Amino acid sequence: MVNKGVHIIDLPKKIIVGHGVVNNIAGIIKELDLGNRAYIITGPHVKKIIAEDVADILSNDDISVELGIINSTEVSEVDAIKDDVSRYEPSVLIGLGGGKAIDAAKYVSSKLSKPFISIPTAASHDGVASPFASIRGLGKVTSVRALPPTAIIADIEVISKAPKRLFRAGAGDLIGKFTAVLDWHLAHKLKGEYYGDYAASLALLSAKHVISFSNIISRGGPEAVRIVIEGLISASVAMCIAGSTRPASGSEHLFSHALDVVAKYPALHGEQVAIGTIMMSYLHGKNWKMIKKIIKKVGLPTTARELGVQDVKVIEALTIAHKIRPERYTILGETGLTWEAAEKLAKSTGIIE
Ligand code: ZN
């Protein structure tokens, strides 16, 4: 969003979902006119499994390739990759991996104004296609604005090979849209914040998708992976349309970010968001029991113990969640929860004992 009344929407140009679609990467680059110099940002593990194959496919099709390895999204490491990318001067960047490689590619592409292609190897959160990047060390735990990927290539065959825990976490991130949208609407009503019905409905649809297909998701396999990755891409598009993370991130995300602060990234993002969603839907007066049931059914943790954190950390996170992003008004209000209220909330929803 820029001037009053002007709303600019940047969207991915192409989204390709299917079995073996990554094999067509060279064709996609040509079709989108993205030149013949690619720089792939990937992780050390993914490099051996798939990135080298992708590099071969590209060079066989006369696209020169450079591989950059990233171990974390610490800003110092991402900046080092950025310098390497600058030297190589690619026509297109490719983020190939789980969250980290894609976040790094997104950030670098935005800084250097280069188009980028997102190739997720896991369906663990909606960052795979959103215009926001999570980079550590920038002084905040939330994401920073970047550009959406020019193309998203979601290869079901590749993503199906990732551990089950990852796509379950992706389902957790999607369920979080229930409370994210409620918080957004609340901020609209109480603070006059911009609210986009279409973006909100789209985000909500991705959460409802998880409920409708919870049987399939609980079984796992390629069909489950497809449902989750399609939901995550839809939620990302909702963020592109809204021009902010609002439709996808509310108090449940603030709780997850707060838990990252107090317990140092104890579990997967989507697992923490799912726990947050149970508690925040309780505060919103919604059917939190149904949400908890679905979360349990798809195989996600529903207690602090299952999440691997001490009860006290959950309470602590609840009490500081409102401070994570003060400009983001949610059901937690401006002053947040007292220790007693937080403890009661976590106990009433069965998150802690
Ligand atoms: Zn998320």
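Worth saying up front: this structure is predicted, and the values here are computed from it rather than measured.
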Checking Ser206 against Lys177: is there a side-chain donor and acceptor pair closer than 3.5 Å? no

Expected output: side-chain Ser109 to main-chain Pro115 donor-acceptor under 3.5 Å: no

Of all the heavy-atom pairs spanning Phe116 and Gly95, show the shortest one and how long it is. CD1-N, 4.0 Å

Ala267 backbone acceptor or donor facing Gln272 side chain under 3.5 Å: yes

Mind listing the closest non-hydrogen atom pair of Ala235 and Leu174 along with its distance? CB-CD2, 4.2 Å

Starting from Ile229, can I reach Met239 by hopping between I/L/V/M/F/W/Y residues whose side chains sit under 4.5 Å apart? no

Check for a donor-acceptor pair, side chain of His322 on one end and backbone N or O of Thr335 on the other, with a separation under 3.5 Å. yes

Using side chain to side chain contact (heavy atoms under 4.5 Å, CB included), reason through Thr330 and Glu252 one step at a time and then give a plain yes or no. CA-CA 9 Å; Thr330 70; Glu252 74 300 320; over 6 Å; no

Looking only at heavy atoms, which two atoms of Ala346 and Val314 are closest? And how far apart? CB-CG1, 4.1 Å

Decide whether Ile29 and Tyr39 are clustered together by the hydrophobic rule: side chain heavy atoms of Ile, Leu, Val, Met, Phe, Trp, Tyr closer than 4.5 Å, transitively. no

Identify whether Val65 and Ile102 are in the same connected component of the hydrophobic contact network (ILVMFWY, side-chain heavy atoms under 4.5 Å). no

What distance separates Thr338 OG1 from Leu318 CG, expressed to the nearest 0.5 Å? 10.5 Å

Evaluation steps, side chain to side chain contact (heavy atoms under 4.5 Å, CB included), between Glu353 and Arg305: CA-CA 9 Å; Glu353 280 164 21; Arg305 184 194 293 262; 3.3 Å; yes

On a heavy-atom basis, the closest approach of Phe132 and Asp103 is O-OD1, 3.9 Å

Verdict with reasoning, Lys191 to Glu334, per salt bridge (Lys or Arg N to Asp or Glu O under 4.0 Å): CA-CA 12 Å; Lys191 302 285 166 185; Glu334 269 136 10; 2.8 Å; yes

Expected output: side-chain Asp173 to main-chain Asp126 donor-acceptor under 3.5 Å: yes

Asn36 and Lys30 side chains, donor-acceptor separation under 3.5 Å: no

Ile94 vs Leu58 side-chain heavy atoms within contact, under 4.5 Å: yes

Honestly curious: do Phe167 and Val17 fall in one hydrophobic cluster under the side-chain, below-4.5 Å linking rule? yes

Any donor-acceptor N/O pair, Ser110 side chain to Leu147 backbone, under 3.5 Å: yes

Between Asp260 and His269, do the side chains contain an N or O donor and an N or O acceptor separated by less than 3.5 Å? no

Glu271 side chain to Pro301 backbone, donor-acceptor under 3.5 Å: no

Hydrophobic clusters here meaning ILVMFWY residues chained together by side-chain heavy-atom distances under 4.5 Å, can you tell me if Ile156 and Ile117 are in one? no

Counting only N and O atoms by type, is there a donor-acceptor contact under 3.5 Å from the side chain of Thr179 to the main-chain atoms of Thr277? no

Examine distances only and state if a side-chain atom of Lys296 and a backbone atom of Thr302 form a donor-acceptor pair shorter than 3.5 Å. no

Yes or no on side chain to side chain contact (heavy atoms under 4.5 Å, CB included) for Ser130 and Thr245, after CA distance, side-chain angles and deciding distance? CA-CA 9 Å; Ser130 78; Thr245 57; over 6 Å; no

Using only atom types and a distance under 3.5 Å, with no angle test, would you say the side chain of Arg219 pairs donor to acceptor with the backbone of Ala224? no

Short side-chain to backbone donor-acceptor contact, Ser124 and Ala169, under 3.5 Å: no

For atom NE2 of His19, decide whether the heavy atoms of other residues, nucleotides or ligands shown that lie under 6.0 angstrom number more than 12. yes

Matching residue for His185 among Tyr195, Tyr194, Phe178 - test: ring pair (Phe, Tyr, Trp, His ring centres under 6.0 Å): Tyr195

State, to 0.1 Å, how close Gly276 and Phe255 come at their nearest heavy-atom pair, and which atoms those are. CA-CD2, 3.5 Å

Side chain to side chain, Asp79 and Tyr107, heavy atoms closer than 4.5 Å: yes

Over all heavy atoms of both residues, which pair between Ile81 and Ile69 is shortest? Give the atoms and the distance, please. CD1-O, 3.7 Å

Please name the residue in the list His284, Arg246, Arg328 that meets the side chain to side chain donor-acceptor pair (under 3.5 Å) test with Asp183. His284

